[in-house]
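A short write-up of the structure that comes next.
The sequence lines fix the lettering, A, B, ..., with proteins before strands; numbering per chain opens at 1.
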Amino acid sequence: MRVRMAPSPTGPLHIGTARTSLYNFLAARHAGGTYVLRVEDTDTARSTVEFERDIIDNLHWLGISWDEGPQVAGGDDIGPHAPYRQSLRLELYASETERLLAAGAAYRCWCTPEELEAVRREQEARREPPRYNQRCLGLPDAERDAFVAEGRRPAIRFHVEPEVVRFDDLVRGEVEFDNSLLGDFVIVRNDGAPLYHFVVVVDDQAMEITHVIRGEDHLSNTPKHIALIRALGYVEPRFGHIPLILNADRSKMSKRKSQVSISAYREEGYLPEAFVNFLAFLGWSPGTEEELFTLDELAQRFEVEKVHKGGAIFDRDRLDHLNGVYIRALSDEQLALRLRSWVPDAVGDEDLVRMVPLVRERLVRLGDVGALIGFAWEPDEVVASWYAPELLHPRNGGPEVARQALERARALLTDVDDADFSAEVLEQLCRAAADEAGVKAGDFFTPIRVAVTGRTVSPPLFASLEMIGRQRSIARIDEALAKLVVEAVS
RNA sequence: GCCCCCAUCGUCUAGAGGCCUAGGACGCCACCCUUUCAAGGUGGAGAUCACCGGUUCGAAUCCGGUUGGGGGCACCA
């Protein structure tokens, strides 16, 4: 089995492309086959190395690797069929075009865009399917010479035979199309650039691809490809069309309505293993109720034949949940390592490891770490700027209760021995103080929490106090006390 | 407009004629745990398996039609 992924570097790695890549990768791994990456950069106007880099980097980030093709953007191609970038394979396309021309299966078309547009409009008016009228098929030499004299440059069209094409799709079963409904389509532009439908067929043959697994949006293109394959005398591969990933309104997932670039999810802090696990289930399931799988386990279970036919909506809530599951499974050290790029360099590695237990259960995306525990590294004044004085008020009680709690906490934090400056002891002492003051523990803790973390919602209070230490804790309580005074005056 | 594909809780899905008074997960609700928020635990609401016919002793599962949704019809990929 030889499968391939053929992304076009005209944009960053798209969710749909990522999942198609994943399915191809899993199919190859499952069968012990070969996985090829081919860069479809025939659209030179829109293709860039930056996009190629984004695609390759993010594919690697997901844990997807390939046996043949460029391993690095702009790098050398590896494999017996190199090069794997279509912009470097133009000679092959040119010679195959000649073969088609010589066999009479393709012909030059001299029509201008305006002429084609006029024909199209006419057909539309007559409610006919819009397709090429074959004006240049068998064009008399005299007319051709006139076009040449005019300075026109011809495109090359493939002549589609009016026949019924059938194929057995790996996921959809028998599919049938009537090619007489198709027009003769352009395979080489008049500037000499070969087009997608043509090069995809040529390269799949040249690279000995046995299974073409791609998005359902290509299902209707398949009869064109099969016609081309037959005309060129190629071996027909098996085709498998996987369902589309959908926007919330069930239309094909698009940039307009959803976040589609993998790098955006990566930047938010989704773990690649969670993302891949999620992606795999968008259109496939192992047929059991298990749902947590590593890439290797997925490869073990994956079968194209079990891929669904219907499209699947991309559900963020589910992704978030899965990401949390994977985050919680990480050790302190592992999670700290993953968090490294989201935390300022000034925070030492050891401190970061100490923070992990305070955030692990609360973290949905790695990128949320700052919002959760940024108070641990932000300056006291910054933390104080996060809240308005009235947030210091406990649920049951106003500024007076807040002031009382803060003052008692301040005294207690000042008096406690260094050895006792721990979450356990501090909690004990604060509970006793709350009792003594006749205030419910929760109400007593709220002002302290806000003073120290700057938020009403935070990681466990006493572990937070221990984390930031005596000095900063007291300084923040002082800031809070000052805010209460300002509030009272105004 | 023409062609093709699809159709199980809001969402992702299990289900390949009797195991289904349709299972799991996410989300939602309630309760428990609890210093807040999470996480965790328990329970709940939520799908006449799009609809209509047929085949069969028996259909979510097979067949036909209808409806709905989607995709494709470029000198883009």
Assign [X] to base, sugar-phosphate, or nothing according to its heavy-atom contacts below 4.0 angstrom with the strands shown.
| X | value |
| --- | --- |
| A:Leu461 | base |
| A:Gly283 | sugar-phosphate |
| A:Pro243 | nothing |
| A:Glu176 | sugar-phosphate |

Checking base pairs now: Watson-Crick or wobble, both atom distances under 3.5 Å. What partners [N]?
| N | value |
| --- | --- |
| B:rC9 | none |
| B:rA30 | B:rU42 |
| B:rC2 | B:rG72 |
| B:rU56 | none |

Q: To the nearest 0.5 Å, tell me how far A:Trp110 CH2 sits from A:Arg152 CZ.
A: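 Those atoms lie 9.5 Å apart.
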Below 4.0 Å: OP1/OP2 of [N] and any side-chain N or O of [X]:
| X | N | value |
| --- | --- | --- |
| A:Lys252 | B:rG72 | yes |
| A:Arg431 | B:rU35 | yes |
| A:Arg126 | B:rG1 | no |
| A:Arg455 | B:rA38 | no |

Are [X] and [Y], when compared by the centres of their aromatic rings, separated by less than 6.0 Å?
| X | Y | result |
| --- | --- | --- |
| A:Tyr132 | A:His159 | no |
| A:Tyr23 | A:Trp284 | no |
| A:Phe314 | A:Phe278 | yes |
| A:Phe158 | A:Phe198 | no |
| A:His225 | A:His197 | yes |

How many whole angstroms separate atom [atom1] of [X] from atom [atom2] of [N]?
| X | N | atom1 | atom2 | value |
| --- | --- | --- | --- | --- |
| A:Trp284 | B:rG15 | CH2 | P | 11 Å |
| A:Asp443 | B:rU34 | CG | P | 17 Å |
| A:Phe239 | B:rC4 | CZ | P | 18 Å |
| A:His308 | B:rA60 | NE2 | P | 20 Å |
| A:Arg328 | B:rA39 | CZ | P | 6 Å |
| A:Asp317 | B:rG27 | CG | C1' | 6 Å |
| A:His225 | B:rG72 | NE2 | P | 13 Å |
| A:Asp249 | B:rU11 | CG | C1' | 14 Å |

Q.
Between A:Arg172 and A:His241 (side chain of the first, backbone of the second, donor and acceptor by atom type, cut-off under 3.5 Å), is there such a pair?
A.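 Indeed, once roles are kept as given, a pair shorter than 3.5 Å links the two residues.
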Give a yes or no on whether a salt bridge exists between [X] and [Y], defined as a side-chain N under 4.0 angstrom from a carboxylate O.
| X | Y | value |
| --- | --- | --- |
| A:Arg46 | A:Asp41 | no |
| A:Glu122 | A:Arg120 | no |
| A:Glu273 | A:Arg338 | yes |

(Q) Between B:rA47 and B:rG54, how many Å separate the two C1' atoms, rounded to a whole number? (A) 24 Å
**Q.** Residue met sooner reading RNA chain B from 5', once A:Thr456 and A:Leu219 are mapped to nucleotides
**A.** A:Leu219
Q. Which residue, A:Ala463 or A:Gly311, contacts RNA chain B at a nucleotide closer to its 5' end, judged by nearest heavy atom?
A.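 Looking at the nearest nucleotide for each, A:Gly311 comes out on the 5' side.
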Let's see if you can work this out: which of [options] has an atom nearest to the side-chain heavy atoms of [X]?
| X | options | answer |
| --- | --- | --- |
| A:Phe281 | B:rC4, B:rC12, B:rA7 | B:rC12 |
| A:Arg250 | B:rC26, B:rG71, B:rG69 | B:rG69 |
| A:Leu244 | B:rA25, B:rU36, B:rG71 | B:rG71 |
| A:His321 | B:rG27, B:rU36, B:rC5 | B:rG27 |

Considering only nitrogen or oxygen atoms on both sides, find all protein atoms under 3.5 Å from nucleotides 75-77 of chain B and state each distance.
{"unit_1": "B:rC75", "atom_1": "O2", "unit_2": "A:Asn190", "atom_2": "N", "d": "3.0"}
{"unit_1": "B:rC75", "atom_1": "O2", "unit_2": "A:Asn190", "atom_2": "ND2", "d": "3.1"}
{"unit_1": "B:rC75", "atom_1": "N4", "unit_2": "A:Cys111", "atom_2": "O", "d": "2.5"}
{"unit_1": "B:rC76", "atom_1": "OP1", "unit_2": "A:Arg189", "atom_2": "NH1", "d": "3.2"}
{"unit_1": "B:rC76", "atom_1": "O2'", "unit_2": "A:Asp43", "atom_2": "OD2", "d": "2.6"}
{"unit_1": "B:rC76", "atom_1": "O2'", "unit_2": "A:Arg46", "atom_2": "NH2", "d": "2.5"}
{"unit_1": "B:rA77", "atom_1": "OP1", "unit_2": "A:Thr42", "atom_2": "OG1", "d": "2.8"}
{"unit_1": "B:rA77", "atom_1": "OP2", "unit_2": "A:Tyr196", "atom_2": "N", "d": "3.0"}
{"unit_1": "B:rA77", "atom_1": "N6", "unit_2": "A:His197", "atom_2": "NE2", "d": "3.1"}

Q: Compare all side-chain heavy atoms of A:Leu26 with those of A:Leu295 and state whether any distance is below 4.5 angstrom.
A: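 A:Leu26 vs A:Leu295: side chains touch.
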Q. Can you list, by residue number, the residues of residues 354-374 of chain A that have a non-hydrogen atom closer than 4.0 angstrom to RNA chain B?
A.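 RNA chain B contact set from residues 354-374 of chain A: A:Glu361, A:Arg362.
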**Q.** No-H, no-angle donor-acceptor pair, A:Ser251 side chain to B:rG70 base, under 3.5 Å
**A.**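 Under the 3.5 Å cut-off, the side chain and the base do not form any donor-acceptor pair.
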